[in-house]
Amino acid sequence: MTMSALGEPCVLLKLGEIVLKGKNRELFERRLVGNIRAALKDFDLKTDVRQRHGVIAIFLPEGTSVEVADQVAQRVTDVPGLVWIHRAWRVAKDPDTVVKAALELIKDRDEVKRGAKFAVRSRRRDKRFPLRSNELDRLVGGTINDTYGLPVDLKRPELTVFIEVDRDEVFVFTDGLQGQGGLPVGSSGRALVLMSGGIDSPVAAYRMMRRGLHVDFLHFSGIPFTTSESIYKAYALVRKLDRFQGRSRLWVVPFGKAQQSIRTSGQDRLAVIAQRRLMLKTAEEVAHRIRAGALVTGDALGQVSSQTLQNITAQDNAVDLPILRPLIGWDKTEIMAEARRIGTLEISELPDEDCCTLLAPKRAETRAKIEDLKLIEKRLDAEELAVQLADSIQEYTL
């Protein structure tokens with residue numbers, strides 16, 4: 001059977017929690033389709049992205065190779081809001097054509113060669129199709145059984161043929177790629193991530209993208225007292241994360257002189273928390289300028305000695321914007337596993353001169369008092385210093 005007889009390759013996308021959004025669903029789907037189209041700009045293809053009931057189909061130009069279709073499917077696995085991505089075949093709405101396509105689709109599969117158990121799962125979104133779902137199951141399944149001698153097992157099949165009858169065509173496919181799930185990036189607003197070169201903050205950024213936030217990134221460099229290594233590392237992390245949202249921006253603050261001022265304030269044990277509050281104040285100023293509605297950090301309760309509940313409360317007091325901490329209840333093993341999955345762990349483990357090493361007291365304060373921190377900030381004129389730091393930021397475009 002030729003490719004034209006089998007049909008044309010396409011990509012079928014399954015939505016997740018978007019389908020539960022009721023009257024707001026159309027807004028989320030529109031945002032998702034826009035994100036899919038933006039992701040496909042990497043390809044020199046005139047794709048046709050169409051919304052259907054509960055699914056989105058990507059139709060490819062006539063003559064597109066299977067290899068390119070596979071690449072398109074792999075690319076959209078990074079788009080939040082999708083739970084399954086299927087490389088499907090688009091065939092005519094005719095029972096005989098559907099049967100022939102199913103036979104052709106599986107003929108070279110290893111499962112067929114070893115006589116594996118199989119099942120057929122049909123779904124009829126277009127009720128005008130002459131066969132009901134169970135009738136189509138029996139027709140296709142019976143033909144596969146007669147042709148290849150495979151046994152049917154509806155409970156634990158080793159091979160499943162999926163058939164979905166849509167408005168204008170039928171989709172036939174077997175396996176799928178798991179998507180990111182969550183909500184479309186941009187559907188929940190915009191936030192600013194405090195981006196270190198460590199393991200936690202990139203994971204926190206990803207978790208917020210997955211909840212629909214489009215995020216920008218703010219990195220604090222120890223320059224002029226450290227090298228540019230941490231900037232290169234932050235840039236590499238942002239590039240890795242950009243595949244989930246696109247149009248990412250990295251802002252860098254030269255923070256070394258401000259740290260020196262904190263160090264000479266004479267409050268050694270409070271230096272880490274005072275620095276953190278100044279970072280948050282600076283981030284808030286930047287967030288106002290870029291119209292971000294929240295700050296995001298990679299804090300995890302109790303992970304390091306300074307991340308106590310009292311210290312976190314003291315940090316929240318520094319700003320008015322909400323601070324989102326998606327990893328607050330995660331342990332390090334969980335965070336590292338997620339970093340490995342999204343591809344940031346290897347970069348985060350590269351050595352660099354982090355600005356935090358400039359303020360590393362022998363013993364960090366675990367019960368910082370807000371009044372003490374405000375005294376330090378009064379001496380430093382922290383509010384004005386945060387504005388000056390925000391004025392000094394540099395944008396690094398991807």
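Along the sequence shown, residues are numbered consecutively beginning with 1.
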Salt bridge (charged side-chain N to carboxylate O under 4.0 Å, His left out) assessment of Lys21 paired with Glu29: CA-CA 10 Å; Lys21 292 301 178 183; Glu29 288 187 344; over 6 Å; no

Residue pair Leu280, Gln315: steps toward the side chain to side chain contact (heavy atoms under 4.5 Å, CB included) verdict: CA-CA 8 Å; Leu280 290 168; Gln315 292 175 39; 3.7 Å; yes

Derivation of the side chain to side chain contact (heavy atoms under 4.5 Å, CB included) call for Gln394 and Trp251: CA-CA 6 Å; Gln394 290 183 305; Trp251 308 92; over 6 Å; no

Criterion side chain to side chain donor-acceptor pair (under 3.5 Å) on Asn317 and Arg277, from CA distance to verdict: CA-CA 8 Å; Asn317 173 263; Arg277 281 173 60 99; 3.2 Å; yes

Criterion side chain to side chain donor-acceptor pair (under 3.5 Å) on Ser196 and Ser201, from CA distance to verdict: CA-CA 6 Å; Ser196 71; Ser201 54; 3.3 Å; yes

CA sep, side-chain torsions, deciding dist, call: Asp372, Arg367, salt bridge (charged side-chain N to carboxylate O under 4.0 Å, His left out): CA-CA 11 Å; Asp372 295 337; Arg367 294 179 176 274; over 6 Å; no

Stepwise salt bridge (charged side-chain N to carboxylate O under 4.0 Å, His left out) check, Asp175 with Arg109: CA-CA 11 Å; Asp175 305 319; Arg109 300 272 304 213; 2.9 Å; yes

Steps toward salt bridge (charged side-chain N to carboxylate O under 4.0 Å, His left out) verdict (Lys233, Glu229): CA-CA 6 Å; Lys233 191 173 175 182; Glu229 286 181 351; over 6 Å; no

Chi angles and distances behind the side chain to side chain contact (heavy atoms under 4.5 Å, CB included) call for Val252, Leu250: CA-CA 7 Å; Val252 176; Leu250 170 65; 4.2 Å; yes

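Side-chain atoms of Asp242 come within 3.5 Å of backbone N or O of Ser248 as a donor-acceptor pair. Of the possible donor and acceptor atoms, none in the side chain of Thr344 sits under 3.5 Å from a partner among the backbone N and O of Pro202. Looking only at distances, no side-chain donor or acceptor of His288 sits under 3.5 Å from a matching main-chain atom of Gly293. For the pair Lys281 (side chain) and Ala382 (backbone), a donor-acceptor distance under 3.5 Å is absent. A donor-acceptor pair is defined here as one N or O able to donate and one able to accept, closer than 3.5 Å; such a pair exists between the side chain of Thr313 and the backbone of Leu309. Checking side-chain atoms of Asp153 against main-chain N and O of Lys117 turns up no donor-acceptor pair under 3.5 Å. Remark: side-chain polar atoms of Arg37 are paired, donor with acceptor, to backbone N or O of Val49 under 3.5 angstrom. A donor-acceptor pair under 3.5 Å links the side-chain atoms of Ser188 to the main chain of Arg211, judged by distance alone.
The side-chain heavy atoms of Tyr148 and Ile106, taken from C-beta on, include a pair separated by under 4.5 Å. Put simply, the side chain of Ile144 reaches to within 4.5 Å of the side chain of Phe118, judged on heavy atoms. Residues Gln275 and Phe220 have side chains not in contact (no heavy-atom distance under 4.5 Å, counting atoms from C-beta outward). With contacts defined as side-chain heavy-atom distances shorter than 4.5 Å, the pair Leu278/Gln259 does not qualify. When side chains are defined from C-beta on, Phe217 counts as touching Val215, because their heavy atoms get closer than 4.5 Å. For the pair Glu8/Thr64, no side-chain contact is recorded, criterion being any heavy-atom separation below 4.5 Å from C-beta on. The shortest distance between side-chain heavy atoms of Leu213 and Val185 does not fall below 4.5 Å. A 4.5 Å side-chain heavy-atom check between Gln180 and Phe244 finds at least one atom pair inside the cut-off.
To the nearest 0.5 Å, atom CG of residue Asp316 and atom CG of residue Asp299 are 9.0 Å apart. To the nearest 0.5 Å, atoms CD1 (Ile36) and CG (Leu32) are separated by 4.0 Å.
For Glu285 and Arg289, the salt-bridge test passes: some basic side-chain N is under 4.0 Å from an acidic carboxylate O. Ionic pairing of Glu169 and Arg90 is present here: one or more N-O contacts between side-chain nitrogen and carboxylate oxygen are shorter than 4.0 angstrom. For Arg207 and Glu338, the salt-bridge test passes: some basic side-chain N is under 4.0 Å from an acidic carboxylate O. One finds a salt bridge joining Lys14 and Glu164 here, because a Lys/Arg side-chain nitrogen approaches an Asp/Glu carboxylate oxygen to under 4.0 Å. Ionic pairing of Glu377 and Lys374 is not present here: no N-O contact between side-chain nitrogen and carboxylate oxygen is shorter than 4.0 angstrom. A salt bridge does not link Arg121 with Asp137: every distance from a Lys NZ or Arg NE/NH1/NH2 to an Asp or Glu carboxylate oxygen is 4.0 Å or more. Between Asp168 and Arg52, at least one side-chain N (NZ, or NE/NH1/NH2) sits under 4.0 Å from a carboxylate O, which counts as a salt bridge. Between Glu371 and Lys369 there is no salt bridge, since no side-chain nitrogen of the basic residue lies less than 4.0 Å from a carboxylate oxygen of the acidic one. Asp200 and Lys332 are joined by a salt bridge, as a carboxylate oxygen and a charged side-chain nitrogen come within less than 4.0 angstrom of each other. Electrostatic pairing of Arg167 and Asp126 does not count as a salt bridge here, judged by no charged N lying under 4.0 Å from a carboxylate O.
Between the side chains of Ser230 and His219, at least one donor N or O sits under 3.5 Å from an acceptor N or O. Looking at Ser122 and Arg132, their side chains never bring a donor and an acceptor atom within 3.5 Å of each other.
Criterion: ILVMFWY side-chain heavy atoms under 4.5 Å apart, direct or through other members. Under it, Leu398 and Ile231 are part of a common hydrophobic cluster. Both Val172 and Leu159 are part of a single hydrophobic cluster, where members link through side-chain heavy atoms under 4.5 Å apart. With hydrophobic clusters built from ILVMFWY side chains whose heavy atoms lie under 4.5 angstrom apart, Leu12 does not share a cluster with Ile85. Taking hydrophobic clusters as Ile, Leu, Val, Met, Phe, Trp and Tyr residues chained together by side-chain heavy-atom distances below 4.5 Å, Phe255 shares a cluster with Leu380. Ile223 and Tyr396 end up in the same hydrophobic cluster when Ile, Leu, Val, Met, Phe, Trp and Tyr side chains are linked at under 4.5 Å.
When every heavy atom of Lys107 is checked against every heavy atom of Val112, the shortest pair comes out as O-CG1, 4.2 Å. Among all heavy-atom pairs drawn from Leu385 and Ala258, the shortest one is CD2-CB, 4.2 Å. Between Leu60 and Ala69, the closest heavy-atom pair is CD1-CB, 3.5 Å. For Leu301 against Thr308, the heavy-atom pair with the smallest separation is CD1-C, 4.0 Å. Between Val91 and Ala101, the shortest heavy-atom distance links the atoms CG1-CB, 3.7 Å. Nearest heavy-atom pair, Ala283 versus Leu192, reported as atom, atom and distance to 0.1 Å: O-CD2, 3.4 Å.
The aromatic rings of His86 and Phe162 sit tilted, their planes meeting at an angle between 30° and 60°.
The number of heavy-atom neighbours closer than 6.0 Å to CD of Glu384, taken from other residues, nucleotides and ligands shown, is above 12. Annotation: Glu334, atom CD; neighbour count of heavy atoms from other residues, nucleotides and ligands within 6.0 Å is above 12.
None of Lys93, Arg50, Arg125 except one satisfies the side-chain hydrogen bond (donor to acceptor under 3.5 Å, both in side chains) rule with Asp166; the exception is Arg125.
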